[in-house]
Amino acid sequence: MQTMWTILKRTVFWSYERGTWQYDLAVVAILVFVLLTPRRWFHDQPKPGPALASEAAMLITDDGVTKKYWIQPGALERGLSELRGRGLTVIQIESRTDAQGAVTGYQVQVKR
């Protein structure tokens, strides 16, 4: 039992020297996992977002002094940098969520 624990510990902490059969076996196991694992086991789809930077920030209202923009989720940083690049100062950022609590976008108020 002690031998199994030692083997497991050395494998997990990757303490085998390079070139040993244990090291090579661990590398082969990792490659087999990466290359042969079916894609359907992982549900990591890209999150939809704006394709173009100009779509990241859409003007909602403009009263002459302040403006409100709608910014898509996942594009907040890019949208804010686009707004600041226009010489605007961000006053307020409010997130908007759907019924499940997922963020649907951000309402950003700015002034010149």
Answer whether the closest heavy-atom distance between the side chains of Val110 and Tyr69 falls below 4.5 Å.
yes
Give, for atom CD of Gln107 and atom CD of Gln92, the distance between the pair rounded to the nearest 0.5 Å.
8.0 Å
Look up atom NZ in Lys9 and atom CE in Met4, then write down how far apart they are to the nearest 0.5 Å.
14.5 Å
Other residues, nucleotides, ligands: >12 heavy atoms within 6.0 Å of Glu17 CD
no
All heavy atoms of Asp24 vs all of Gly19, minimum pair found to be OD2-O, 4.0 Å
Within this structure, what is the CZ-CH2 distance for the pair Arg96 and Trp70, rounded to the nearest 0.5 Å?
7.0 Å
Could you state the interatomic distance from CG (Leu59) to NZ (Lys67), rounded to the nearest 0.5 Å?
6.0 Å
Go through the structure and list residues passing ring pair (Phe, Tyr, Trp, His ring centres under 6.0 Å) with Tyr16, not counting sequence neighbours.
none
Tell me, do Thr66 and Asp63 make a side-chain contact under 4.5 Å, heavy atoms counted?
yes
With sequence neighbours excluded, what pairs up with Trp21 under the ring pair (Phe, Tyr, Trp, His ring centres under 6.0 Å) test?
none
Go through the steps to decide whether Val90 and Ile93 satisfy the test side chain to side chain contact (heavy atoms under 4.5 Å, CB included), and finish with yes or no.
CA-CA 8 Å; Val90 177; Ile93 301 174; 3.8 Å; yes
Does Val28 belong to the same Ile/Leu/Val/Met/Phe/Trp/Tyr cluster as Leu35, with side-chain heavy atoms less than 4.5 Å apart forming each link?
no
Please tell me whether Trp41 and Val34 are part of a single hydrophobic cluster in this structure, the criterion being side-chain heavy atoms less than 4.5 Å apart.
yes
Would you give the length of the straight line joining atom CD1 of Ile91 to atom CD of Gln109, rounded to the nearest 0.5 angstrom?
5.0 Å
To the nearest 0.5 angstrom, please state how far the CD1 atom of Ile30 sits from the CG atom of Leu25.
10.0 Å
Would you name the heavy atoms of Ala26 and Trp14 that are closest together and state the gap between them?
CB-CZ3, 3.7 Å
Residue Trp5 excluded, over 12 heavy atoms near CH2 under 6.0 Å:
no
